[in-house]
Amino acid sequence: MTDSLDEHDADTVGKSERRQPRFRRVPLRLILPNMVTLMALCSGLTAIRMAFEGRWEFAIGAVLVAAVLDALDGRLARMLKGTSRFGAELDSLADFVNFGVTPALMLYVWILNEAGSLGWIAALVFAISAALRLARFNVALDDPHKPAWAANFFTGVPAPAGALIVLMPIYWEFLGLLPHWPEFAPGVALYAIGVAFLMISRLPTFSGKRVGTRVRRDYVLPLFVVAVLIVALTVSYPFQMLALGSALYLLSIPFSWRSHRAYLKSDQTLAADDDGDCEDTDLDHLGDRDKHDAG
């Protein structure tokens with residue numbers, strides 16, 4: 001009897017030891033991209049504080065820093081082979097705050113509050129559109145049937161670009177092109193709504209994902225000079241550069257649409273009603289897909 005109890009106790013102790021959580025070491029290559037993402041999130045939240053304090057130069061700079069860090073974290077994760085599902089979810093949540101909530105609150109504090117309910121509706125529409133755009137982007141990543149050339153384009157204006165573009169009226173005020181009059185608040189609200197619709201639209205825009213992956217040797221040094229020049233100009237003349245960059249981006253949309261159509265015409269494997277981004281399954285045929293999977 002005693003031997004059986006001892007065996008039972010030993011078995012219980014063994015099971016309890018197996019149930020104890022084991023701490024595993026996480027590789028640094030998985031941590032670094034997430035740290036960059038969190039730094040971007042801190043920058044976006046700091047922009048909200050700067051806006052409430054009326055320190056608009058720092059608020060705009062914080063959004064710009066968040067956009068730069070957002071462009072770096074994904075490339076860093078791919079370079080270090082540290083991509084993870086956790087990092088992708090964290091990046092999406094950070095992008096929603098940095099490029100959806102933050103610009104909307106900045107515009108509302110700046111002038112949209114002068115438009116009453118219309119100003120708040122514009123802020124809501126922009127923030128919600130950023131969330132919808134990011135959700136659609138995440139769905140598109142899971143599609144294995146996208147053509148290779150589809151990586152050259154985004155569907156709609158990406159959230160970081162939309163955040164910098166929607167703040168263009170603030171740039172104009174600091175450049176002396178737009179007086180800070182309450183009468184302009186409804187126009188700014190309509191402009192914010194227009195940018196929101198650009199984000200959720202199906203207009204193809206240049207992605208720039210493949211820019212910098214391969215550079216000719218004779219272009220390396222000139223590229224360094226151009227990069228330093230752009231950074232120096234942005235630091236010295238931030239509002240001029242941001243206004244110019246936003247205007248050029250908007251002007252590039254017709255060219256991206258034309259380039260996208262050229263790819264579609266040359267790709268004979270796509271159906272006549274396919275736009276090349278393979279995102280029709282995200283909402284349009286979700287019910288049919290579920291029925292097919294169930295069958």
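We're numbering straight along the sequence, starting at 1.
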For the pair [X] (side chain) and [Y] (backbone), establish whether a donor and an acceptor sit closer than 3.5 Å, ignoring hydrogens and angles.
| X | Y | value |
| --- | --- | --- |
| S256 | P204 | yes |
| T155 | R202 | no |
| T102 | I48 | no |
| S43 | V65 | no |
| N113 | V109 | yes |
| D73 | P33 | no |

Can you confirm whether [X] sits close enough to [Y] that some side-chain heavy atom of one is under 4.5 Å from a side-chain heavy atom of the other?
| X | Y | result |
| --- | --- | --- |
| Y263 | S259 | yes |
| M199 | R136 | no |
| I170 | L107 | yes |
| N34 | L38 | no |
| V63 | N98 | no |
| F153 | S207 | no |
| Y171 | L164 | yes |
| L41 | L45 | yes |

Decide side chain to side chain contact (heavy atoms under 4.5 Å, CB included) for F239 and E57; before the verdict, give the C-alpha distance in whole Å, the side-chain angles of both, and the deciding distance to 0.1 Å.
CA-CA 9 Å; F239 294 107; E57 296 89 345; 3.9 Å; yes

Spacing of [atom1] belonging to [X] relative to [atom2] belonging to [Y], to within rounding of 0.5 Å:
| X | Y | atom1 | atom2 | value |
| --- | --- | --- | --- | --- |
| M241 | L248 | CE | CG | 9.0 Å |
| I60 | F174 | CD1 | CZ | 7.5 Å |
| E89 | L93 | CD | CG | 7.0 Å |
| S252 | R258 | OG | CZ | 14.0 Å |
| L32 | T37 | CG | OG1 | 11.0 Å |
| L124 | I193 | CG | CD1 | 10.0 Å |

If every non-hydrogen atom of [X] is compared with every non-hydrogen atom of [Y], which pair is closest and at what distance?
| X | Y | result |
| --- | --- | --- |
| V157 | G162 | CG1-N, 3.6 Å |
| A115 | P186 | CB-N, 4.2 Å |
| A127 | A104 | CB-CB, 4.3 Å |
| A159 | L134 | CB-CD2, 4.2 Å |
| A189 | A122 | O-CB, 3.5 Å |
| S129 | I200 | O-CG2, 3.5 Å |

Would you check, one step at a time, whether the test side chain to side chain contact (heavy atoms under 4.5 Å, CB included) holds for V101 with F96?
CA-CA 7 Å; V101 176; F96 171 62; 3.7 Å; yes

Would [X] and [Y] show up in the same hydrophobic cluster when neighbours are defined by side-chain heavy atoms closer than 4.5 Å?
| X | Y | value |
| --- | --- | --- |
| L244 | I253 | no |
| V195 | W172 | yes |
| F126 | F197 | no |
| L177 | I165 | yes |
| L105 | V166 | yes |

How are the rings of F137 and F154 set relative to one another: parallel (under 30°), tilted (30 to 60°) or perpendicular (over 60°)?
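Judged by the thresholds at 30° and 60°, the geometry between F137 and F154 is perpendicular.
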
More than 12 heavy atoms of other residues, nucleotides or ligands under 6.0 Å from CE of M39: yes or no?
no

Should we count CZ of F58 as having more than 12 external heavy atoms under 6.0 Å?
no

Under a plain distance cut-off of 3.5 Å, with no hydrogens placed, do W110 and E173 share a side-chain donor-acceptor pair?
yes

Dump the intermediate steps for side chain to side chain contact (heavy atoms under 4.5 Å, CB included) on L250 and M168, then the final yes or no.
CA-CA 11 Å; L250 290 175; M168 189 156 57; 4.0 Å; yes

Working for side chain to side chain contact (heavy atoms under 4.5 Å, CB included), residues L233 and L229:
CA-CA 6 Å; L233 289 174; L229 180 61; 4.0 Å; yes

